[in-house]
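Everything below concerns the one structure shown next.
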Amino acid sequence: KQEVTQIPAALSVPEGENLVLNCSFTDSAIYNLQWFRQDPGKGLTSLLLIQSSQREQTSGRLNASLDKSSGRSTLYIAASQPGDSATYLCAVGSNAGNMLTFGGGTRLMVKP
Amino acid sequence: NAGVMQNPRHLVRRRGQEARLRCSPMKGHSHVYWYRQLPEEGLKFMVYLQKENIIDESGMPKERFSAEFPKEGPSILRIQQVVRGDSAAYFCASHGQPAYNEQFFGPGTRLTVL
């Protein structure tokens, strides 16, 4: 059974800092990995999708890496802004049906 | 291209009533997933459907819960005889061709059982 863990659970940083969010998973036979953002009381916004054959994806100030063999992914946020404050969720698609297994999330606060 | 639509956004039910949650996937998407987010907990997979078929319902409680995705119309998640423990946010996601599989989520339905 796939288990996904995110560290840290919460993070508070001053504006402008570069930061790294970590995600680990127990079963390396994954189909893909997605990073989402969730604002309080809202739905999920897809940030980046990494297929199992890829090692990283970039979108603007975001960069996500994937190391399947070690069961890890990181989300790098450059030059953080207060608008980046949200909960970031890592989710792993583990088989052809691709239902996602979610981590518990990292709650990020970027202070002006 | 409208995103994934869910309604209602908020639903209040008394114990023992029925709750019906609707999800319209993105245009052209024929794969629908339902997830549940209990208070202070992570999202958990419930059921995966394609048009007129339930592909995987391994995450759905065996009693009181059912889901469908008819040939025409939205996907429906139905909860019979709701209990307080059913209070949660229910999210629907869809994707297109399996080869790509990026899931797009709706805004969720927040169910409160009194």
Side-chain angles (χ1 to χ4, degrees), chain A residues 1-10 21 23-27 29-54 57 59 62 64 66 73 86-107, chain B residues 2-10 21 23-26 29-50 53-60 67 88-112:
Chain A
K1 178 186 171 188
Q2 180 73 269
E3 292 182 4
V4 182
T5 304
Q6 290 187 246
I7 295 173
L21 308 182
C23 171
S24 61
F25 45 94
T26 54
D27 185 351
I30 68 169
Y31 199 69
N32 57 28
L33 185 145
Q34 251 180 291
W35 282 93
F36 295 90
R37 168 187 173 136
Q38 185 176 28
D39 293 283
K42 304 290 186 184
L44 280 70
T45 301
S46 180
L47 297 174
L48 290 164
L49 168 74
I50 310 177
Q51 301 289 0
S52 60
S53 58
Q54 298 174 323
Q57 283 287 339
S59 176
L62 305 179
L66 173 63
S73 176
T87 295
Y88 289 81
L89 296 166
C90 166
V92 173
S94 295
N95 56 41
N98 202 37
M99 61 287 296
L100 295 174
T101 302
F102 282 84
T106 294
R107 195 163 50 249
Chain B
V4 178
M5 311 283 281
Q6 288 188 252
N7 67 81
R9 296 289 303 277
H10 300 274
L21 288 61
C23 168
S24 296
M26 288 180 70
H29 286 188
S30 58
H31 301 258
V32 165
Y33 301 78
W34 286 93
Y35 297 85
R36 178 167 67 173
Q37 187 173 38
L38 291 165
E40 304 305 320
E41 291 190 23
L43 281 103
K44 297 282 194 296
F45 164 77
M46 298 182 74
V47 61
Y48 165 35
L49 310 103
Q50 295 179 23
N53 284 303
I54 296 174
I55 307 302
D56 186 334
E57 56 184 347
S58 60
M60 199 152 68
Y90 293 81
F91 291 96
C92 167
S94 73
H95 72 71
Q97 290 303 313
Y100 193 51
N101 273 352
E102 181 174 8
Q103 293 192 22
F104 295 90
F105 279 71
T109 293
R110 279 152 184 83
L111 172 67
T112 301

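Chain identifiers are assigned alphabetically (A, B, ...) following the order of the sequence lines, protein sequences preceding nucleic acid strands; residue numbering begins at 1 within each chain. Small disclaimer: the values here were computed from a predicted structure and weren't measured. These numbers come from the heavy atoms of this one structure, side chains and all, not from hydrogens, waters or symmetry mates.
Sparse packing is recorded around CZ of A:R107, with 12 or fewer heavy atoms of other residues, nucleotides or ligands lying under 6.0 Å away.
To the nearest 0.5 Å, atom CE of residue A:M99 and atom CD of residue B:Q103 are 9.0 Å apart. Here the straight-line distance linking atom CZ of B:F105 with atom OG of A:S46 works out to 9.0 Å at 0.5 Å rounding.
At least one side-chain heavy atom of B:Y35 sits under 4.5 Å from a side-chain heavy atom of A:L100.
When heavy atoms are compared at a cutoff of 4.5 Å, B:Q37 approaches chain A solely by way of its side chain, counted from C-beta outward.
The shortest heavy-atom contact between B:F91 and A:K42 is CZ-O, 3.7 Å.
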